[in-house]
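Some notes on the structure that comes next.
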2 protein chains.
Amino acid sequence: MPLPETEVPGRLQAELMSRGLRMTRQRRIILSVVETAKQHLDASQILRKAHKLDPQIDRVTVYRTLNLLKRHGLVDELDLMHLQGEKHYYERRPQRDHIHMACLRCGKITEFESDLFDRLKGQIQRDCRFHIVVSRLEVGGYCGQCRSLPS
Amino acid sequence: MPLPETEVPGRLQAELMSRGLRMTRQRRIILSVVETAKQHLDASQILRKAHKLDPQIDRVTVYRTLNLLKRHGLVDELDLMHLQGEKHYYERRPQRDHIHMACLRCGKITEFESDLFDRLKGQIQRDCRFHIVVSRLEVGGYCGQCRSLPS
DNA sequence: TTACATGTTGCAAGTGAGTTGCAACTATCA
DNA sequence: TGATAGTTGCAACTCACTTGCAACATGTAA
Ligand SMILES: [Mn+2]
Ligand SMILES: [Mn+2]
Ligand SMILES: [Zn+2]
Ligand SMILES: [Zn+2]
């Protein structure tokens, strides 16, 4: 991973700066970790990746930055069915919401976009007169491989 | 609340007994608390209600009983958007799944059943070859009252 | 450039939800 | 009624996350 200071600022960084928030060395690093993540990361994984760029960064700063991103609706917080412990996972909020499926046997996480999901959210907003800010659909069960397995 | 020992066993108790599980005094009490709950309760609220029937019951027994019920698919565990702290809430699994909406302003929790939700789960099972065991759709936002309020 | 005000950081300590080890107990069944 | 295996309560523990605070860094405006 290139040093974030020499990089073109990512979308998260640009978004926070446009909202008048201070951009510190630590924030730039944490934002770049979240931005370039290939899977869903928990707070301690984010800290470990951030430490490769600055071993001084404290886990408190990771938690505070994640709270900042949550408050600004820039990341989503996931349970992923709490398959291992009570920790939470984070991902940059995508253009279009998706569903998370967690296999209770092998632990694999699958994502799925669906028109029906978009329509369902529309129905909630209309029928319940409820303005949706954040939505989370998580499903636990058995994936294709595990479904057709003994025991 | 009447003493659970003198009651007709509730559905939770009958279900656990039919699966060959031992029915202790403590379990009967905790099951009756969950069964007769009017709202979503967290573990410490369940303990407080159980204490009215037996002040000796330990919170460990509440957690162990909730885990038992979860493993048997008899209760659902909810985040309710973690509006206050990291605790979880519990409710007896209903015949038909429903959606939970949490107002980020007043904290009100609303439930909603939807055909689209049922169809969406069907689509997931078919299109993703994923056998659903448990599903959780939680939405955060602003309820009808709060939506049309200043500040 | 520099000084300033205010926001941010790291450290240490704390909180709160949930779990574990284990000896004493008890539901179930022969 | 006694044997057996599952369950309980207690104490201690783990883990995720938060808070208080003094030192520090950022953005802004001289
Ligand atoms: Mn959670
Ligand atoms: Mn409910
Ligand atoms: Zn699987
Ligand atoms: Zn409201």
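The structure presented is a predicted model; accordingly, all values stated were derived computationally and were not measured. Throughout, protein chains are lettered first and strands after them, A, B, ... in sequence-line order, and every chain is numbered starting at 1. As a basis for the values below, the full set of heavy atoms in this structure was taken, side chains included, without hydrogen atoms, waters or symmetry mates.
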Return the value, rounded to whole Å, for the distance between atom [atom1] of [X] and atom [atom2] of [N].
X     : N      : atom1 : atom2 : value
A:D54 : C:dT8  : CG    : P     : 17 Å
A:R59 : C:dG10 : CZ    : P     : 12 Å
A:R48 : D:dA16 : CZ    : C1'   : 14 Å
B:R19 : D:dG6  : CZ    : P     : 18 Å
B:E86 : D:dT14 : CD    : C1'   : 16 Å
B:L47 : C:dG16 : CG    : P     : 16 Å
B:Q84 : D:dC17 : CD    : C1'   : 16 Å
B:H51 : D:dT8  : NE2   : P     : 13 Å

Test item: side-chain donor near acceptor, [X] and [Y], under 3.5 Å:
X      : Y      : result
A:Q45  : A:H40  : no
A:E138 : B:S135 : no
B:E86  : A:H88  : yes

For residues B:D42 and B:Y89, report the shortest heavy-atom separation together with the two atoms involved.
-> N-CD2, 3.8 Å
For B:L31 against B:M23, the heavy-atom pair lying closest together | CD1-SD, 4.0 Å
For DNA chain D, the residues among residues 65-78 of chain A that have a non-hydrogen atom under 4.0 Å from it | A:N67
Return no unless some side-chain N or O of [X] is found under 4.0 Å from OP1 or OP2 of [N].
X     : N      : answer
B:Y63 : C:dG18 : yes
B:H88 : C:dA17 : no
B:T61 : D:dG9  : yes

Only counting residues at least two apart or in another chain, list the ones meeting salt bridge (charged side-chain N to carboxylate O under 4.0 Å, His left out) with B:R71.
-> none
Keeping the roles fixed (side chain from B:R27, backbone from B:R22), state whether a donor-acceptor pair exists under 3.5 Å.
-> yes
Under 3.5 Å, side chain of B:E91 to main-chain N/O of B:E77, donor-acceptor pair present?
-> no
Heavy-atom protein contacts under 4.0 Å, nucleotides 21-30 of chain D, coded B base, S sugar-phosphate only, - none = ----BBS---
Would you call A:K70 and A:D76 a salt bridge, taking side-chain N to carboxylate O under 4.0 Å as the test?
-> no
